[in-house]
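Every heavy atom of this structure was used, including side-chain atoms; hydrogens, water molecules and symmetry mates were not. For the single chain, residues carry numbers from 1 onward in sequence order. Worth saying up front: this structure is predicted, and the values here are computed from it rather than measured.
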Amino acid sequence: MKVAVLSFAHERAATYAQLLYDRPDVDLVIADPDGSPDDPARGRDTARRLGSAYTGSWDEVFALRPDAVVVTSEVERRRELVERAAEVGAHVLCEHPPAADEADAEAMVTACQEAGVQLSLASPTCFGQAFAALRREIAGGEVLGRLTTIHGAYNKPRPARPHTAESGALAAAAPYLLDMVDAVLDGQPAEQVYAQANSVLSAEPGVDSAALVTVRYTDGTVVSIDCSWGPAESSPAAGGPTMNFIGDRASVEFTASPRLLGGFDRGTSRERWETREHDPYAVMLGEFIAAVRQGNGSGPDGSAGVRTLRIIQAARASVRTGRTVELAVPQTVLP
C-alpha cells in the first residue's frame with residue numbers, strides 16, 4: 001500500500017514517517033514542498049535518512065495516486081490537501097484540528113464522502129482494543145446503567161515554543177478528550193458549552209496554559225474536562241487522557257497510560273512508572289491501514305471532527321465572553 005505523509009509542519013510528522021516506513025506492507029512517500037524557512041529540508045532529510053521516496057511538489061505526490069495520506073500540514077492548508085487526496089481516491093488520516101473553521105471542516109467531510117474515501121482524525125486513544133472494550137461495556141449498560149456524567153483530564157507538558165493559540169492547552173488536549181466522549185455517546189451533539197482558561201504558565205496572551213470545559217449533550221450527559229498543562233510524567237493524565245464514566249449504577253475509569261510498573265527514581269528523586277506495552281501511534285496507524293484495506297472506517301471520522309471543532313470554538317467564545325454558549329442542535333435529534 002502506498003501511503004504519503006503530507007508536510008512536516010506538525011511535530012509528529014517524523015514519527016508517522018518512521019512508523020510507516022517500519023511497516024513491511026507500506027510503501028512510504030514523503031512530500032514537504034513548503035518546508036519551514038527555519039528548516040527547509042526537514043522532509044527531504046527525513047526521506048534521505050529513511051531511504052524512502054520524496055516528492056518536491058504537491059502535484060507530484062498526488063500524481064503518484066497514493067492509497068492513503070497522513071495530513072500533517074499547517075492548519076490552513078489541510079482542507080486543500082484533503083480535497084486533493086479525495087480527488088485521487090486516497091483515504092485520509094488528518095491531524096487535529098481538521099480546519100480553522102467549521103465551514104472548511106464540513107467541506108472536507110463532503111469531499112471525502114462524495115469521493116467514497118475515509119476521513120479519520122488522528123486521535124490515538126480512540127484506537128486500540130482497550131477503548132473498544134470500554135465502549136462495548138458502556139453501551140451494554142449492564143454494569144454502569146445509564147451514563148450521566150463524564151470527567152476527563154489530559155495534562156500535557158508545556159510545549160517548547162507556545163506562541164500560538166493552537167499550542168495552548170485547550171487546542172492541544174481537548175480534541176482527544178472530546179473524541180473519546182463523542183465515540184462513547186455515539187455522535188450525540190453538544191447543546192451547551194461553558195469554559196474558563198488562563199495563560200499564567202504560558203506568559204503569552206491568547207495562549208492558554210489552563211482550561212476547564214463543561215459540556216452538556218442533548219441526551220442530558222454532562223461532561224467536564226481539564227486541559228491544563230502539567231509537569232512531564234507527573235501523573236497518569238500527563239502521558240495520555242484519563243476519563244471517569246459515571247452511571248446511575250456504577251462508574252468506570254479509563255487511563256490511556258496505565259501504570260504497569262511503579263517505583264522511585266533515585267536519580268531524579270521522583271516517582272516513576274512504566275506505561276504502555278504498545279506505541280499508541282503505531283496502533284492507530286495499523287488500524288487506519290487495516291480499515292483502508294477492508295473498506296471500513298476506524299477511529300473518529302470527519303463528522304466527529306466537525307463536532308469536536310464546534311465544541312472547541314464554543315469553548316473559546318465562552319472564555320472570551322464569560323458566558324455559556326448555546327449550540328444549535330441539528331433537527332434530526334430534536335424531539
Side-chain angles (χ1 to χ4, degrees), residues 1-6 10-28 30 46 50 52 66-72 90-96 98 117-139 152-157 172-184 186 233 236-243 245 252-261 273-302 304-305 308:
M1 178 185 295
K2 187 180 297 180
V3 182
V5 175
L6 305 182
H10 194 278
E11 61 184 2
R12 277 190 290 274
T15 299
Y16 293 147
Q18 181 69 63
L19 291 171
L20 290 167
Y21 178 78
D22 290 341
R23 294 184 61 92
D25 57 347
V26 168
D27 181 13
L28 174 65
I30 291 175
T46 300
L50 295 176
S52 67
D67 300 290
V69 300
V70 180
V71 178
T72 44
H91 300 269
V92 180
L93 179 65
C94 183
E95 269 293 343
H96 270 296
V117 299
Q118 172 186 344
L119 171 58
S120 297
L121 275 298
S123 195
T125 308
C126 291
F127 295 78
Q129 297 180 3
F131 188 66
L134 173 73
R135 290 181 62 188
R136 289 194 298 268
E137 188 68 38
I138 294 175
Y154 191 5
N155 305 134
K156 300 181 71 174
Y176 308 105
L177 293 165
L178 293 170
D179 281 346
M180 294 172 66
V181 173
D182 188 88
V184 167
D186 199 24
E233 304 197 6
T242 64
M243 198 158 278
F245 299 89
V252 61
E253 180 178 347
F254 178 87
T255 304
S257 300
R259 181 186 301 219
L260 302 180
L261 178 65
W273 59 84
E274 300 297 330
T275 66
R276 294 193 183 119
E277 181 180 359
H278 303 292
D279 185 329
Y281 295 102
V283 171
M284 177 182 70
L285 290 171
E287 290 197 8
F288 171 70
I289 290 169
V292 170
R293 283 203 174 91
Q294 297 164 9
N296 53 30
S298 180
D301 62 10
T308 290

Can you check whether [X] reaches [Y] side chain to side chain, under 4.5 Å on heavy atoms?
{"X": "Met180", "Y": "Phe254", "answer": "yes"}
{"X": "Leu20", "Y": "Leu285", "answer": "yes"}
{"X": "Leu178", "Y": "Asp182", "answer": "no"}
{"X": "Gln118", "Y": "Ser298", "answer": "yes"}
{"X": "Val252", "Y": "Glu137", "answer": "no"}
{"X": "Met1", "Y": "Asp25", "answer": "no"}
{"X": "Val181", "Y": "Met243", "answer": "yes"}
{"X": "Pro124", "Y": "Tyr176", "answer": "yes"}

For [X] and [Y], which heavy atoms make the closest approach, and how far apart are they?
{"X": "Cys94", "Y": "Leu119", "value": "CB-CD1, 4.3 Å"}
{"X": "Phe245", "Y": "Val184", "value": "CE2-CG2, 3.8 Å"}
{"X": "Ser52", "Y": "Tyr21", "value": "CB-CD1, 4.3 Å"}
{"X": "Ala68", "Y": "Val292", "value": "CB-CG2, 4.4 Å"}

>> side chain to side chain contact (heavy atoms under 4.5 Å, CB included) for Val71 and Val92? Distances and angles first, verdict last.
In response: CA-CA 7 Å; Val71 178; Val92 180; 3.9 Å; yes
> Nearest 0.5 Å, what's the CG-CE distance between Leu19 and Met284?
Replying inline: 8.5 Å
> Do the side chain of Asp67 and the main chain of Lys2 share a donor and acceptor less than 3.5 angstrom apart?
Replying inline: yes
